[in-house]
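Down below is the structure, laid out as structure tokens.
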Amino acid sequence: MTVKLGSVEFYEAMAHALNNDPEWAEKGKNIDFDMAYRYEAPIEGQFFVSFDKGRVVAVRVASQEDLDKADFVISGSSDVWRGCFDGSINPTVAMTRGKLRVRGKTAQMLKNMPAFMYIQQTMGKVEFQ
């Protein structure tokens with residue numbers, strides 16, 4: 001099913017894929033974080049995803065309270081997000097060049113980088129328009 005980029009349906013599709021992936025169950029078992037994804041123009045939106053031992057337990061449009069309490073907030077233009085998901089932009093390069101900005105505990109992210117990259121790869125498999 002094709003979903004719209006920058007929509008809660010995109011994140012619900014990612015959650016469904018992860019929650020039904022036995023490889024993720026092992027890779028993500030240490031992921032107990034709340035994350036927020038912010039899209040800036042031309043498509044704007046913000047989305048909250050909560051992980052409990054790798055299982056996605058909540059997906060919704062993010063409120064300001066969600067943004068404030070999230071362990072990580074990743075922000076960037078919707079064009080950069082599109083490129084990260086369609087494979088034309090390397091997300092790590094986008095972060096190092098400031099095209100994707102991360103607020104949160106960098107040490108925790110680096111410690112769990114293989115799991116975070118797996119999430120990114122799964123997002124890249126979601127069909128979007």
State, yes or no, whether a side-chain contact exists between [X] and [Y] at a heavy-atom distance under 4.5 Å.
X    : Y    : answer
R38  : L67  : yes
V8   : F47  : yes
K53  : I31  : no
V57  : F51  : no
E127 : V3   : no
F33  : N112 : yes

Can a salt bridge be assigned to the pair E65 and K69 using a cut-off of 4.0 Å between side-chain N and carboxylate O?
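The answer is no: the pair does not qualify as a salt bridge.
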For residues F48 and Y11, establish whether the separation of their ring centroids is below 6.0 Å.
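That pair fails the under 6.0 Å test.
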Hey, mind stepping through V56 and E12 against side chain to side chain contact (heavy atoms under 4.5 Å, CB included) and telling me if it holds?
CA-CA 9 Å; V56 180; E12 288 169 343; over 6 Å; no
Checking the side chain of [X] only, and the main-chain atoms of [Y] only, is there a donor and an acceptor separated by less than 3.5 Å?
X    : Y   : result
D66  : S63 : yes
Q120 : C84 : yes
D34  : S50 : no
Q46  : Y37 : no

For residues [X] and [Y], report the shortest heavy-atom separation together with the two atoms involved.
X    : Y    : value
G54  : N19  : O-OD1, 4.3 Å
M123 : F10  : O-CZ, 3.6 Å
D32  : D71  : O-OD2, 4.3 Å
I43  : S78  : N-OG, 3.0 Å
F116 : Q108 : CE1-O, 4.3 Å
R82  : F128 : NH1-CE1, 3.4 Å

Going hydrophobic residue to hydrophobic residue with side-chain gaps under 4.5 angstrom, can you get from [X] over to [Y]?
X    : Y    : value
V93  : M113 : no
I74  : V61  : yes
V102 : V73  : no

For the pair W81 and Y39, name the ring-plane relationship: parallel under 30°, tilted 30 to 60°, perpendicular over 60°.
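Geometry flag for Y39 against W81: parallel rings.
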Who are the salt bridge (Lys or Arg N to Asp or Glu O under 4.0 Å) partners of R55, not counting sequence neighbours?
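In terms of salt bridge (Lys or Arg N to Asp or Glu O under 4.0 Å), with neighbours along the sequence ignored, R55 is linked to no residue.
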Show your working on side chain to side chain contact (heavy atoms under 4.5 Å, CB included) between Q129 and L5 and close with a plain yes or no.
CA-CA 6 Å; Q129 56 181 350; L5 178 69; over 6 Å; no
Could I get the full list of side chain to side chain contact (heavy atoms under 4.5 Å, CB included) partners for R101, not counting sequence neighbours?
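Once residues adjacent in sequence are excluded, the partners of R101 under the side chain to side chain contact (heavy atoms under 4.5 Å, CB included) criterion are E40, S75.
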More than 12 heavy atoms of other residues, nucleotides or ligands under 6.0 Å from CZ of R103: is that the case?
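Counting other residues, nucleotides and ligands, CZ of R103 exceeds 12 neighbours.
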Atom pair [atom1] ([X]) and [atom2] ([Y]), whose distance is rounded to the nearest 0.5 Å:
X    : Y   : atom1 : atom2 : answer
H16  : M1  : NE2   : CE    : 9.5 Å
D21  : K27 : CG    : NZ    : 9.0 Å
T122 : M14 : OG1   : CE    : 8.5 Å

By ring-ring contact (aromatic ring centres under 6.0 Å, His included), which residues pair with Y118, not counting sequence neighbours?
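ring-ring contact (aromatic ring centres under 6.0 Å, His included) list for Y118, sorted by chain: W24.
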Tell me yes or no: between the side chains of S77 and D79, is some donor less than 3.5 Å from an acceptor?
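Distance-only check fails for S77 and D79.
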How far apart are the C-alpha atoms of M117 and T92, what are their side-chain angles, what is the distance that settles it, and do they pass the side chain to side chain contact (heavy atoms under 4.5 Å, CB included) test?
CA-CA 9 Å; M117 292 308 296; T92 305; 4.0 Å; yes
